[in-house]
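Here is the structure we will look at.
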Amino acid sequence: QDKNLPEEDNDAIDWDTEDELELQEIPEPVFPSCTDLRITGQHDVCCDAEASSSSVPFRSKFIQQFVVMGFTEESIAKAIEQNGENSDLVLDSLLTFKALDDSPEEQPSTSPPLEPSISSNDSVSEYNENVLDDVYEEDSWSSDSDSCINSVKQCYLNDEGSSLSEKEKMLLFLANMGYPEEEASVAMEKCGPKASLPELVDFICAAQMARAEDPYLQEDVKPTLEHILNDCGGYKKRKVYTELCKRKKRREISGEETIRLPKPMIGFGVPTQSIPTMVQRILPKQLIGPPFFYYENVALAPKGVWDTIKRHLYDIEPEFVDSKYFSATARKRGYLHNLPIENRFPLFPLPPRTIHEALPLSKSWWPSWDGRKKLNCLQTAIGSARLTDRIRKAVEKYDGAPPMEIQKYVLDQCKKWNLVWVGRNKVAPLEPDEVEMLLGFPKNHTRGGGISRTDRYKSLGNSFQVDTVAYHLSVLKDLFPNGINVLSLFSGIGGGEVALYRLGVPLNNVVSVEKSEVNRDIVRSWWEQTNQRGNLIHFDDVQLLSRDSLKKLVQSVGGFDLVIGGSPCNNLAGSNRVSRDGLEGKESSLFFDYVRILEDVRTLMSSRH
């Protein structure tokens, strides 16, 4: 963490989310902060606290400025090798590489482009269960943000073609970033032709903030896109308009237009929802456990991802479940497993299922115009103190309910960041122990690792919802009354282990494979605090878990009854607009290690009989 940042902002920033983005059509906030301009991506953020630190070598910064533009590290290394550390020459080479890669004559496509998959079509549900595009902390840019913006802008403009004027290119760039065309046009007209991108963004943000402060502010008639481009000639005007339409369509295809999920999203049944007919499934005899397996990942993955997962996991139908049926928070996930689906039972006591049941102290401060009953999917980031203070100032100036414009802005931000009312006109993000409770973990579960609040939020945001998983795993209690041997891949903070423990299934041997040392410390601390009598064995990398290692483990512990885990969703989540590469992505391709290890375990177990 950057020691120059305030402590509360350090605690609020997440630079590496693995959670999914649940998409919806929410308008832009009425008065966002000017620092809300972000280049999104799971790992490709050049303006974070680490990258702005003076301790980072120059070469790392030099490479990072191209990584954030979307170029691969391999192509960057090749360009540097050819040109040295000359930014202009490297950028020219990278654009050349990209043009060659994208050319159908040079490299024909071998697979259809990824499209997002799965949407619940749940936009009229009892609560709004979706969030906006960015999952990064509000107001958390480093001092290098302007240079980062300009680098990306230059890369983008170079790619737009030389036939457009600088004004047209800038307008396209602002529109592509999501700013309304009308506001971008006004900003360009008011700031002049030589205005930089940060100056234009500041102007747009300032205007939005001014409108928010006075919703009844009379605005001058603003020129439209047609008016701004009136002097461009018919050909150029049509070209700009056509390009804007194409880009809008591409954005919809790449991140927002999704196929339908089951509605309601209750999988093979949930304890709180009646099912019209009894769900049944028959698995081939060779797939009936043990060993049982249980795989989890985000439901909102690019199109074709779950088809691939299903194909590699024996063509078993996935079970899509939203955790809103188990708790006070939404969490849309797909689960693929060979567990029995009859005679399931939930954890007791049943968890609270509404915000006010989960957080009763908030009820007395909750305004009547905030109709939320459930929280959105819990992310790895939280809203900043500056955001909550801005909301307080916006609301407290009115004796009664604020105007609709203010209500809409406040509700959008509360839904986006899961803010709750903690005082008169005051909202705040959830505390780590509240997130633990909502996800079904014991109080202070993540505190046991001796980690910061930032790491606690991140670890929790990437975890299972324990009550949901426990409902699926409950069938194992009668099958293994004397205890179970578990191979836990991508263990995280031990959601599967906690679920089995809370179900009363003795944990004889757990082999936990988890790359994060922070998460391994959390699991070890929980293991010791709950006085587990079995053996906990840690590995730190699934890629290093070879067949020989598995053979020794099977011989040592007597085989595995359950292989459980969810591989990283970095390249599947809708929040990742830079490297949403599906199962071919660097992190999400680890799914194939889950498949490899599972198949090795099944083979080794069958050879023992």
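For the single chain, residues carry numbers from 1 onward in sequence order.
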**Request:** Step by step, work out the salt bridge (Lys or Arg N to Asp or Glu O under 4.0 Å) result for Lys408 and Asp412.
**Result:** CA-CA 6 Å; Lys408 185 177 184 305; Asp412 283 349; 3.3 Å; yes
**Asked** Do you know the tightest heavy-atom contact between Arg344 and Gly269?
**Response** NH1-O, 3.8 Å
For residues 334-341, dump all side-chain donor-acceptor pairs below 3.5 Å to protein atoms at least two apart in sequence or in another chain.
residue : atom : partner : partner atom : Å
His337  : ND1  : Arg281  : NH2          : 3.2
His337  : ND1  : Leu339  : N            : 3.2
His337  : NE2  : Glu319  : OE1          : 2.8
Asn338  : OD1  : Phe293  : N            : 2.7
Asn338  : ND2  : Leu287  : O            : 2.8
Asn338  : ND2  : Pro291  : O            : 3.4

**Request:** Could you tell me whether the side chain of Leu419 reaches within less than 4.5 Å of the side chain of Pro429, counting heavy atoms only?
**Result:** yes
**Asked** Should we say atom CD of Glu396 is surrounded by more than 12 heavy atoms from elsewhere, each under 6.0 Å from it?
**Response** yes
**Prompt:** Knowing that exactly one of Val435, Leu378, Thr380, Ile522 qualifies, which makes a side-chain contact (heavy atoms from CB on, under 4.5 Å) with Leu460?
**Reply:** Val435
**Message:** Under 3.5 Å, is there a donor on one side chain and an acceptor on the other for Thr446 and Tyr457?
**Reply:** no
**Item:** Presence of salt bridge, Asp455 and Lys458, under 4.0 angstrom
**Value:** no
**Shortest non-hydrogen contact between Gly496 and Phe464, atoms and distance** = N-CD1, 3.6 Å
**Item:** Residues, nucleotides or ligands: over 12 heavy atoms within 6.0 Å of Arg447 CZ
**Value:** no
**Request:** Look only at the side chain of Glu436 and the backbone of Asn444, and say whether a donor-acceptor pair between them is shorter than 3.5 Å.
**Result:** yes
**Request:** Might you point out which heavy atoms bring Gly558 and Asn485 nearest each other, and give the distance in Å?
**Result:** C-ND2, 4.4 Å
**Side-chain touch Pro568/Phe591, heavy atoms, less than 4.5 angstrom** = no
**Request:** Tell me, with the steps shown, if Leu439 and Val466 meet side-chain contact (heavy atoms from CB on, under 4.5 Å).
**Result:** CA-CA 6 Å; Leu439 291 175; Val466 172; 5.7 Å; no
**Prompt:** Going from CE on Met265 to CZ on Arg333, what distance comes out if it is rounded to the nearest 0.5 angstrom?
**Reply:** 10.5 Å
**Fill in**
To the nearest 0.5 Å, atom CD of Gln543 lies from atom CZ of Arg596 at 8.0 Å
**Message:** Using 0.5 Å steps for rounding, measure from the OG atom of Ser512 to the CD1 atom of Ile493.
**Reply:** 11.5 Å
**Message:** Looking at Lys443 and Met437, would you say the former's side chain and the latter's main chain have a donor-acceptor pair under 3.5 Å?
**Reply:** no
**Prompt:** With a 4.5 Å heavy-atom cut-off, do Val469 and Tyr294 have their side chains touching?
**Reply:** yes
**Message:** Distance alone, cut at 3.5 Å: any donor-acceptor contact between the side chains of Arg331 and Ser323?
**Reply:** no
**Message:** Test salt bridge (Lys or Arg N to Asp or Glu O under 4.0 Å) on Arg520 and Glu514; report intermediate values, then the result.
**Reply:** CA-CA 6 Å; Arg520 293 199 303 270; Glu514 170 57 40; over 6 Å; no
**Prompt:** Could you state the interatomic distance from OG1 (Thr388) to CH2 (Trp417), rounded to the nearest 0.5 Å?
**Reply:** 12.0 Å
**Message:** Could you report the tightest heavy-atom contact between Arg524 and Leu536, atom names first, then the distance?
**Reply:** NH2-O, 3.4 Å
**Prompt:** At their closest point, which heavy atom of Tyr325 faces which heavy atom of Pro264, and how far apart are they?
**Reply:** OH-CB, 3.1 Å
**Complete:** On a heavy-atom basis, the closest approach of Ser463 and Phe441 is OG-CE1, 3.5 Å
**Request:** Compare all side-chain heavy atoms of Leu359 with those of Leu430 and state whether any distance is below 4.5 angstrom.
**Result:** yes
**Prompt:** Between the main-chain N or O of Phe345 and the side-chain N or O of Ser474, is there a donor-acceptor pair closer than 3.5 Å?
**Reply:** yes
**side-chain contact (heavy atoms from CB on, under 4.5 Å) assessment of Trp365 paired with Val427** = CA-CA 9 Å; Trp365 304 111; Val427 293; over 6 Å; no
**Request:** Would you please test Ile564 and Phe292 for side-chain contact (heavy atoms from CB on, under 4.5 Å) and show each step?
**Result:** CA-CA 8 Å; Ile564 185 172; Phe292 293 101; over 6 Å; no
**Prompt:** If you measure only the distance, is there a donor-acceptor pair under 3.5 Å linking the side chains of Asn418 and Asn376?
**Reply:** no
**Message:** Any non-hydrogen side-chain atom of Arg453 less than 4.5 Å from a side-chain atom of Glu431?
**Reply:** yes
**Prompt:** Should we say atom CD of Gln555 is surrounded by more than 12 heavy atoms from elsewhere, each under 6.0 Å from it?
**Reply:** yes
**Asked** Heavy atoms, side chains only, cut-off 4.5 Å: are Lys515 and Asp540 in contact?
**Response** no
**Prompt:** Any idea how Trp526 and Tyr501 line up, ring-wise: parallel (<30°), tilted (30 to 60°), or perpendicular (>60°)?
**Reply:** perpendicular
**Asked** Does any N or O in the side chain of Gln379 come within less than 3.5 Å of the main-chain N or O of Ala381, such that one atom is a donor and the other an acceptor?
**Response** no
**Request:** Give, for atom OG of Ser516 and atom CG of Asn462, the distance between the pair rounded to the nearest 0.5 Å.
**Result:** 9.5 Å
**Asked** Is it the case that Asn519 and Ser459 place a side-chain donor and acceptor less than 3.5 Å from each other?
**Response** yes
**Prompt:** Do Trp366 and Arg372 have side chains that get closer than 4.5 Å, going by heavy atoms?
**Reply:** yes
**Item:** Straight-line distance of Glu73 CD to Ile63 CD1, nearest 0.5 Å
**Value:** 7.0 Å
**Request:** Could you walk me through whether Val510 and Ile537 pass side-chain contact (heavy atoms from CB on, under 4.5 Å), step by step?
**Result:** CA-CA 6 Å; Val510 173; Ile537 304 169; over 6 Å; no
**Request:** Start with the C-alpha distance between Arg386 and Asp389, add both sets of side-chain angles, then the distance that settles salt bridge (Lys or Arg N to Asp or Glu O under 4.0 Å), and finish with yes or no.
**Result:** CA-CA 5 Å; Arg386 278 170 288 193; Asp389 187 58; over 6 Å; no
**Prompt:** Among pairs that include at least one residue of residues 420-430, which meet side-chain hydrogen bond (donor to acceptor under 3.5 Å, both in side chains), considering only residues two or more places apart or in two chains?
**Reply:** Asp370-Trp421
**Message:** Can a donor-acceptor pair be found, under 3.5 Å and without considering hydrogens, that links the side chain of Asn535 to the backbone of Leu507?
**Reply:** no
**Message:** Main chain of Ser546, side chain of Asp600: is a donor-acceptor contact present, judged purely on distance under 3.5 Å?
**Reply:** no
**Message:** With side-chain contact (heavy atoms from CB on, under 4.5 Å) as the test, pick out the partner of Phe539 among Leu489, Leu553, Leu544.
**Reply:** Leu553
**Asked** Heavy atoms, side chains only, cut-off 4.5 Å: are Glu357 and Pro351 in contact?
**Response** no
